[in-house]
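Notes follow once the structure below has been shown.
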Amino acid sequence: MNAKQIVRFSNIIGIISILLLVYWVFTFILIQVFGLKVFRENITESFYLSVFGILALMAGSLIVNIMFNLTRIAEKHNLDADNLKTSKWKFLTLGLIFPLIAIILFGGDYLTTSRKEKLLIKSAESIIAANKANSDKLANYSFSEKYIVQTADILEILSGTDKNFPNVTVIVKDSIKNAPVYLGFNDYYEGSLTDTIQPQKRRFLYKTTKEERDYLENVFEKGNDELRYTSYNGDYELFYPYKNNGKKIIFYFSEQERYGKLGR
(Lines give C-alpha, C1' and ligand atoms only; values in the text may rest on other atoms or scores of the structure.)
Protein backbone atom coordinates (compact mmCIF):
# COMPACT_ATOMS: atom_id res chain seq x y z
CA MET A 1 0.00 0.00 0.00
CA ASN A 2 1.58 3.27 -1.14
CA ALA A 3 1.33 6.69 0.51
CA LYS A 4 -1.57 7.80 -1.71
CA GLN A 5 -3.62 4.75 -0.81
CA ILE A 6 -2.85 5.19 2.90
CA VAL A 7 -4.01 8.81 2.82
CA ARG A 8 -7.15 7.86 0.87
CA PHE A 9 -7.93 5.11 3.36
CA SER A 10 -7.36 7.43 6.34
CA ASN A 11 -9.60 10.06 4.72
CA ILE A 12 -12.38 7.50 4.38
CA ILE A 13 -12.01 6.56 8.05
CA GLY A 14 -12.06 10.23 9.03
CA ILE A 15 -15.22 10.97 7.02
CA ILE A 16 -17.01 7.91 8.42
CA SER A 17 -15.97 8.91 11.94
CA ILE A 18 -17.29 12.44 11.47
CA LEU A 19 -20.63 11.12 10.17
CA LEU A 20 -20.89 8.68 13.07
CA LEU A 21 -20.11 11.47 15.54
CA VAL A 22 -22.79 13.73 14.00
CA TYR A 23 -25.37 10.95 14.18
CA TRP A 24 -24.32 10.11 17.73
CA VAL A 25 -24.69 13.74 18.85
CA PHE A 26 -28.12 13.90 17.16
CA THR A 27 -29.15 10.70 18.93
CA PHE A 28 -27.83 11.92 22.28
CA ILE A 29 -29.72 15.23 21.94
CA LEU A 30 -33.00 13.44 21.20
CA ILE A 31 -32.56 11.09 24.16
CA GLN A 32 -31.71 13.87 26.60
CA VAL A 33 -34.22 16.49 25.44
CA PHE A 34 -37.20 14.13 25.22
CA GLY A 35 -36.12 11.80 28.04
CA LEU A 36 -36.34 8.72 25.82
CA LYS A 37 -35.75 5.34 27.45
CA VAL A 38 -34.91 2.84 24.73
CA PHE A 39 -32.12 0.39 25.52
CA ARG A 40 -31.14 -1.60 28.56
CA GLU A 41 -28.32 -0.45 30.83
CA ASN A 42 -25.45 -2.37 29.24
CA ILE A 43 -26.36 -1.30 25.71
CA THR A 44 -26.95 2.32 26.78
CA GLU A 45 -23.58 2.56 28.55
CA SER A 46 -21.81 0.97 25.58
CA PHE A 47 -23.55 3.44 23.28
CA TYR A 48 -22.35 6.41 25.36
CA LEU A 49 -18.79 5.10 25.54
CA SER A 50 -18.67 4.56 21.79
CA VAL A 51 -18.03 8.28 21.28
CA PHE A 52 -14.51 7.80 22.61
CA GLY A 53 -13.90 5.14 19.99
CA ILE A 54 -15.18 7.48 17.27
CA LEU A 55 -12.93 10.30 18.47
CA ALA A 56 -9.98 7.89 18.52
CA LEU A 57 -10.64 6.96 14.88
CA MET A 58 -10.81 10.63 13.91
CA ALA A 59 -7.57 11.43 15.73
CA GLY A 60 -5.81 8.43 14.19
CA SER A 61 -6.83 9.33 10.63
CA LEU A 62 -5.73 12.93 11.19
CA ILE A 63 -2.31 11.86 12.47
CA VAL A 64 -1.78 9.60 9.47
CA ASN A 65 -2.55 12.48 7.10
CA ILE A 66 -0.17 14.81 8.94
CA MET A 67 2.61 12.21 9.00
CA PHE A 68 2.45 11.67 5.22
CA ASN A 69 1.60 15.33 4.45
CA LEU A 70 -0.44 14.24 1.47
CA THR A 71 -3.88 15.73 2.14
CA ARG A 72 -5.19 17.02 -1.16
CA ILE A 73 -8.27 18.77 -2.46
CA ALA A 74 -10.21 16.11 -4.30
CA GLU A 75 -12.94 18.24 -5.80
CA LYS A 76 -12.73 19.25 -9.48
CA HIS A 77 -14.24 22.40 -11.01
CA ASN A 78 -15.44 20.62 -14.13
CA LEU A 79 -17.75 18.03 -12.58
CA ASP A 80 -20.19 16.61 -15.07
CA ALA A 81 -23.95 16.29 -14.52
CA ASP A 82 -23.75 12.63 -13.57
CA ASN A 83 -21.29 13.34 -10.76
CA LEU A 84 -23.49 16.17 -9.49
CA LYS A 85 -26.56 13.90 -9.42
CA THR A 86 -24.58 11.18 -7.65
CA SER A 87 -23.41 13.66 -5.00
CA LYS A 88 -26.98 14.89 -4.47
CA TRP A 89 -28.21 11.35 -3.92
CA LYS A 90 -25.39 10.71 -1.46
CA PHE A 91 -26.24 13.80 0.58
CA LEU A 92 -29.96 12.96 0.42
CA THR A 93 -29.27 9.45 1.68
CA LEU A 94 -27.13 10.76 4.53
CA GLY A 95 -29.84 13.29 5.43
CA LEU A 96 -32.56 10.63 5.54
CA ILE A 97 -30.63 8.84 8.27
CA PHE A 98 -31.60 11.60 10.75
CA PRO A 99 -35.38 10.97 10.61
CA LEU A 100 -34.66 7.23 10.60
CA ILE A 101 -32.75 7.60 13.89
CA ALA A 102 -35.60 9.67 15.34
CA ILE A 103 -38.16 7.02 14.35
CA ILE A 104 -36.07 4.25 15.93
CA LEU A 105 -35.57 6.18 19.18
CA PHE A 106 -39.18 7.29 19.62
CA GLY A 107 -40.40 3.85 18.59
CA GLY A 108 -38.08 2.20 21.12
CA ASP A 109 -39.26 4.58 23.84
CA TYR A 110 -42.89 3.77 23.00
CA LEU A 111 -42.18 0.03 23.23
CA THR A 112 -40.41 0.55 26.58
CA THR A 113 -43.37 2.53 27.93
CA SER A 114 -45.88 -0.06 26.68
CA ARG A 115 -43.92 -2.92 28.24
CA LYS A 116 -43.67 -1.06 31.54
CA GLU A 117 -47.41 -0.39 31.54
CA LYS A 118 -48.23 -4.05 30.96
CA LEU A 119 -45.72 -5.10 33.62
CA LEU A 120 -47.12 -2.71 36.23
CA ILE A 121 -50.73 -3.70 35.57
CA LYS A 122 -49.90 -7.40 35.53
CA SER A 123 -47.90 -7.15 38.77
CA ALA A 124 -50.63 -5.09 40.45
CA GLU A 125 -53.40 -7.50 39.48
CA SER A 126 -51.35 -10.52 40.55
CA ILE A 127 -50.31 -9.14 43.94
CA ILE A 128 -53.72 -7.71 44.83
CA ALA A 129 -55.52 -10.92 43.81
CA ALA A 130 -53.07 -13.08 45.79
CA ASN A 131 -53.50 -10.89 48.86
CA LYS A 132 -57.22 -10.15 48.69
CA ALA A 133 -57.74 -10.34 52.45
CA ASN A 134 -55.09 -7.70 53.07
CA SER A 135 -56.37 -5.58 50.19
CA ASP A 136 -59.84 -5.67 51.74
CA LYS A 137 -58.34 -4.46 55.02
CA LEU A 138 -56.76 -1.52 53.24
CA ALA A 139 -60.08 -0.66 51.59
CA ASN A 140 -61.73 -0.50 55.04
CA TYR A 141 -60.30 2.94 55.69
CA SER A 142 -60.73 5.02 58.81
CA PHE A 143 -58.09 7.48 59.94
CA SER A 144 -56.41 5.97 62.96
CA GLU A 145 -52.93 4.97 64.01
CA LYS A 146 -54.00 1.33 63.89
CA TYR A 147 -54.95 1.66 60.21
CA ILE A 148 -51.71 3.53 59.39
CA VAL A 149 -49.49 0.91 61.06
CA GLN A 150 -51.49 -1.94 59.50
CA THR A 151 -51.23 -0.34 56.05
CA ALA A 152 -47.46 0.08 56.38
CA ASP A 153 -47.06 -3.59 57.35
CA ILE A 154 -49.28 -4.83 54.51
CA LEU A 155 -47.57 -2.69 51.87
CA GLU A 156 -44.16 -3.87 53.05
CA ILE A 157 -45.29 -7.47 52.55
CA LEU A 158 -46.77 -6.72 49.12
CA SER A 159 -43.64 -4.91 47.96
CA GLY A 160 -41.43 -7.79 49.10
CA THR A 161 -43.47 -10.41 47.25
CA ASP A 162 -42.56 -9.46 43.68
CA LYS A 163 -39.12 -8.15 42.64
CA ASN A 164 -40.80 -6.16 39.87
CA PHE A 165 -43.21 -4.58 42.33
CA PRO A 166 -42.48 -0.83 42.45
CA ASN A 167 -43.13 1.72 45.18
CA VAL A 168 -46.76 1.68 46.25
CA THR A 169 -48.96 4.17 48.09
CA VAL A 170 -52.57 3.81 49.21
CA ILE A 171 -54.61 6.91 48.39
CA VAL A 172 -57.88 7.66 50.18
CA LYS A 173 -60.26 10.60 50.23
CA ASP A 174 -60.88 12.39 53.52
CA SER A 175 -61.43 15.89 54.82
CA ILE A 176 -59.66 18.39 57.05
CA LYS A 177 -61.83 21.11 58.60
CA ASN A 178 -64.62 20.23 56.16
CA ALA A 179 -62.27 20.65 53.18
CA PRO A 180 -61.90 17.57 50.94
CA VAL A 181 -58.34 16.24 50.75
CA TYR A 182 -56.50 13.15 49.57
CA LEU A 183 -54.26 11.24 51.95
CA GLY A 184 -51.46 8.88 51.00
CA PHE A 185 -50.04 6.02 53.09
CA ASN A 186 -46.93 4.00 52.21
CA ASP A 187 -44.88 1.18 53.75
CA TYR A 188 -43.03 3.49 56.12
CA TYR A 189 -44.34 4.82 59.43
CA GLU A 190 -42.07 5.90 62.26
CA GLY A 191 -44.75 5.87 64.97
CA SER A 192 -46.18 3.02 67.03
CA LEU A 193 -49.45 2.12 68.70
CA THR A 194 -47.96 2.97 72.11
CA ASP A 195 -47.44 6.64 71.23
CA THR A 196 -49.47 9.10 73.25
CA ILE A 197 -49.45 11.71 70.47
CA GLN A 198 -51.92 10.72 67.78
CA PRO A 199 -51.03 11.21 64.11
CA GLN A 200 -52.36 14.24 62.25
CA LYS A 201 -54.03 14.04 58.85
CA ARG A 202 -51.97 16.91 57.44
CA ARG A 203 -48.85 14.73 57.75
CA PHE A 204 -50.29 12.36 55.15
CA LEU A 205 -51.57 14.88 52.60
CA TYR A 206 -51.07 13.58 49.07
CA LYS A 207 -49.94 16.31 46.69
CA THR A 208 -51.53 16.20 43.27
CA THR A 209 -51.60 17.98 39.94
CA LYS A 210 -54.84 19.26 38.43
CA GLU A 211 -55.00 16.27 36.08
CA GLU A 212 -54.54 13.89 38.99
CA ARG A 213 -57.19 15.67 41.07
CA ASP A 214 -59.64 15.41 38.18
CA TYR A 215 -58.92 11.70 37.91
CA LEU A 216 -59.21 11.11 41.67
CA GLU A 217 -62.48 13.05 41.75
CA ASN A 218 -63.90 10.84 39.00
CA VAL A 219 -62.87 7.73 40.91
CA PHE A 220 -64.08 8.64 44.39
CA GLU A 221 -67.13 10.72 43.50
CA LYS A 222 -68.31 9.51 40.09
CA GLY A 223 -67.55 5.81 40.37
CA ASN A 224 -64.94 5.70 37.63
CA ASP A 225 -62.87 2.49 37.86
CA GLU A 226 -60.49 3.11 34.95
CA LEU A 227 -56.75 2.75 35.49
CA ARG A 228 -54.51 5.75 34.91
CA TYR A 229 -51.00 5.19 33.56
CA THR A 230 -48.47 7.93 32.82
CA SER A 231 -44.78 7.99 31.93
CA TYR A 232 -42.29 10.80 31.56
CA ASN A 233 -38.49 10.83 31.45
CA GLY A 234 -38.19 7.40 33.06
CA ASP A 235 -40.89 8.01 35.71
CA TYR A 236 -43.75 5.51 35.49
CA GLU A 237 -47.00 5.87 37.43
CA LEU A 238 -50.09 3.69 37.71
CA PHE A 239 -53.30 4.52 39.59
CA TYR A 240 -55.21 1.33 40.35
CA PRO A 241 -58.70 1.74 41.95
CA TYR A 242 -59.84 -0.98 44.35
CA LYS A 243 -63.14 -1.26 46.21
CA ASN A 244 -64.68 -3.57 48.77
CA ASN A 245 -68.07 -3.36 50.53
CA GLY A 246 -68.77 0.05 49.06
CA LYS A 247 -65.44 1.55 50.16
CA LYS A 248 -62.83 2.56 47.64
CA ILE A 249 -59.10 3.23 47.69
CA ILE A 250 -56.47 3.69 45.00
CA PHE A 251 -53.20 1.81 44.80
CA TYR A 252 -50.64 4.21 43.39
CA PHE A 253 -47.59 2.48 41.90
CA SER A 254 -44.55 4.51 40.95
CA GLU A 255 -41.15 3.57 39.59
CA GLN A 256 -38.17 5.40 38.16
CA GLU A 257 -35.81 3.81 35.64
CA ARG A 258 -32.75 5.30 33.97
CA TYR A 259 -32.74 2.83 31.10
CA GLY A 260 -35.13 1.22 28.64
CA LYS A 261 -36.24 -2.35 28.13
CA LEU A 262 -34.94 -3.19 24.65
CA GLY A 263 -31.87 -5.34 24.18
CA ARG A 264 -30.18 -7.87 26.41
Side-chain angles (χ1 to χ4, degrees), residues 116-232 235-257:
K116 175 58 66 174
E117 179 180 9
K118 294 178 181 178
L119 179 62
L120 286 179
I121 294 176
K122 184 177 180 180
S123 295
E125 291 176 344
S126 174
I127 294 298
I128 292 175
N131 295 270
K132 189 177 185 307
N134 285 330
S135 299
D136 292 342
K137 291 180 181 178
L138 297 178
N140 189 28
Y141 165 74
S142 63
F143 188 81
S144 65
E145 190 166 19
K146 179 180 179 181
Y147 177 85
I148 297 172
V149 173
Q150 177 180 259
T151 299
D153 291 339
I154 292 175
L155 293 182
E156 184 177 8
I157 294 174
L158 295 183
S159 298
T161 302
D162 189 338
K163 67 179 182 179
N164 294 319
F165 207 65
N167 300 321
V168 58
T169 299
V170 171
I171 302 175
V172 301
K173 186 171 185 179
D174 208 322
S175 63
I176 297 179
K177 296 182 179 181
N178 297 323
V181 295
Y182 298 104
L183 306 182
F185 306 96
N186 53 35
D187 60 355
Y188 174 76
Y189 179 62
E190 68 276 15
S192 66
L193 295 176
T194 60
D195 291 341
T196 56
I197 301 177
Q198 295 300 308
Q200 302 295 314
K201 289 183 180 179
R202 63 176 58 92
R203 292 180 54 194
F204 300 92
L205 286 174
Y206 180 76
K207 296 181 179 181
T208 60
T209 62
K210 183 182 182 304
E211 291 77 12
E212 289 174 344
R213 286 194 297 275
D214 292 340
Y215 170 78
L216 295 175
E217 184 70 18
N218 287 331
V219 171
F220 286 106
E221 297 299 328
K222 300 180 181 179
N224 181 17
D225 291 327
E226 292 183 1
L227 307 182
R228 183 177 189 270
Y229 173 78
T230 60
S231 64
Y232 176 74
D235 294 323
Y236 305 95
E237 299 177 329
L238 173 66
F239 292 83
Y240 191 102
Y242 182 84
K243 60 182 178 180
N244 180 60
N245 292 332
K247 293 188 175 183
K248 180 176 289 187
I249 61 172
I250 293 179
F251 288 99
Y252 166 70
F253 305 99
S254 62
E255 188 173 16
Q256 201 282 333
E257 284 191 349

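Values below: all heavy atoms of this structure, side chains included; hydrogens, waters and symmetry mates excluded.
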Decide yes or no on side chain to side chain contact (heavy atoms under 4.5 Å, CB included) for Lys116 and Tyr229, but give the supporting numbers first. CA-CA 10 Å; Lys116 175 58 66 174; Tyr229 173 78; 3.5 Å; yes

Closest heavy-atom pair and its distance - Asp187, Leu155: CB-CB, 3.8 Å

Considering non-hydrogen atoms only, spot the tightest contact between Tyr240 and Glu125 and give its length. OH-CG, 3.4 Å

Measure the acute angle between the ring planes of Phe253 and Phe251, then classify it against the limits of 30° and 60° as parallel, tilted or perpendicular. parallel

What residues, two or more places apart in sequence or in another chain, satisfy ring-ring contact (aromatic ring centres under 6.0 Å, His included) together with Tyr206? Tyr252

Could you go through the side chain to side chain contact (heavy atoms under 4.5 Å, CB included) check for Ile154 and Asn131 one step at a time? CA-CA 9 Å; Ile154 292 175; Asn131 295 270; over 6 Å; no

Salt bridge (Lys or Arg N to Asp or Glu O under 4.0 Å) partners of residues 170-180, not counting sequence neighbours, each pair once: Lys173-Glu217, Lys173-Glu221, Asp174-Lys201

Check side chain to side chain donor-acceptor pair (under 3.5 Å) between Thr230 and all other residues, then give those that pass, not counting sequence neighbours. Glu237

Considering all heavy atoms, the nearest Lys247-Tyr141 contact: NZ-O, 3.7 Å

Below 4.5 Å, heavy atoms only, C-beta onward: do Asn140 and Asn245 meet side chain to side chain? no

Separation between OG1 (Thr209) and OH (Tyr215), nearest 0.5 Å, reads 12.5 Å

Donor-acceptor pair, Ser175 side chain versus Asn178 backbone, under 3.5 Å? no

Evaluate Lys248 against Asp225 for side chain to side chain contact (heavy atoms under 4.5 Å, CB included), listing each step before the verdict. CA-CA 10 Å; Lys248 180 176 289 187; Asp225 291 327; 2.8 Å; yes

Identify, with sequence neighbours excluded, every residue that meets side chain to side chain donor-acceptor pair (under 3.5 Å) alongside Lys122. none

Is the shortest heavy-atom distance from the side chain of Leu138 to the side chain of Phe185 under 4.5 Å? no

Got a second to check how far Asn186's CG is from Glu156's CD, nearest 0.5 Å? 11.0 Å

Approximate separation, where rounding is to 0.5 Å, of Ile127 CD1 and Ile157 CD1: 11.5 Å

With Lys210, which residues qualify under salt bridge (charged side-chain N to carboxylate O under 4.0 Å, His left out), at least two apart? Asp214

Starting from the C-alpha separation in whole Å, work towards a yes-or-no answer on side chain to side chain contact (heavy atoms under 4.5 Å, CB included) for Leu205 and Val181. CA-CA 7 Å; Leu205 286 174; Val181 295; 3.8 Å; yes

I want to check something: taking the side chain as every heavy atom from C-beta on, are Ile171 and Leu183 in contact at a cut-off of under 4.5 Å? no

Using modelled atom types and a 3.5 Å cut-off, is there a donor and acceptor pairing between side-chain atoms of Arg228 and backbone atoms of Phe239? no

Kindly indicate whether the side chain of Asp235, heavy atoms from C-beta on, has any atom under 4.5 Å from the side chain of Ser254. no

Quick one, Ile250 and Phe220 - any side-chain contact, counting heavy atoms below 4.5 Å? yes

Grab the two heavy atoms, one from Ser142 and one from Tyr147, that are nearest each other, plus how far apart they are. O-CB, 3.3 Å

Using side chain to side chain contact (heavy atoms under 4.5 Å, CB included) as the criterion, list what pairs up with Asn244, not counting sequence neighbours. Lys132, Asp136, Ala139, Tyr242

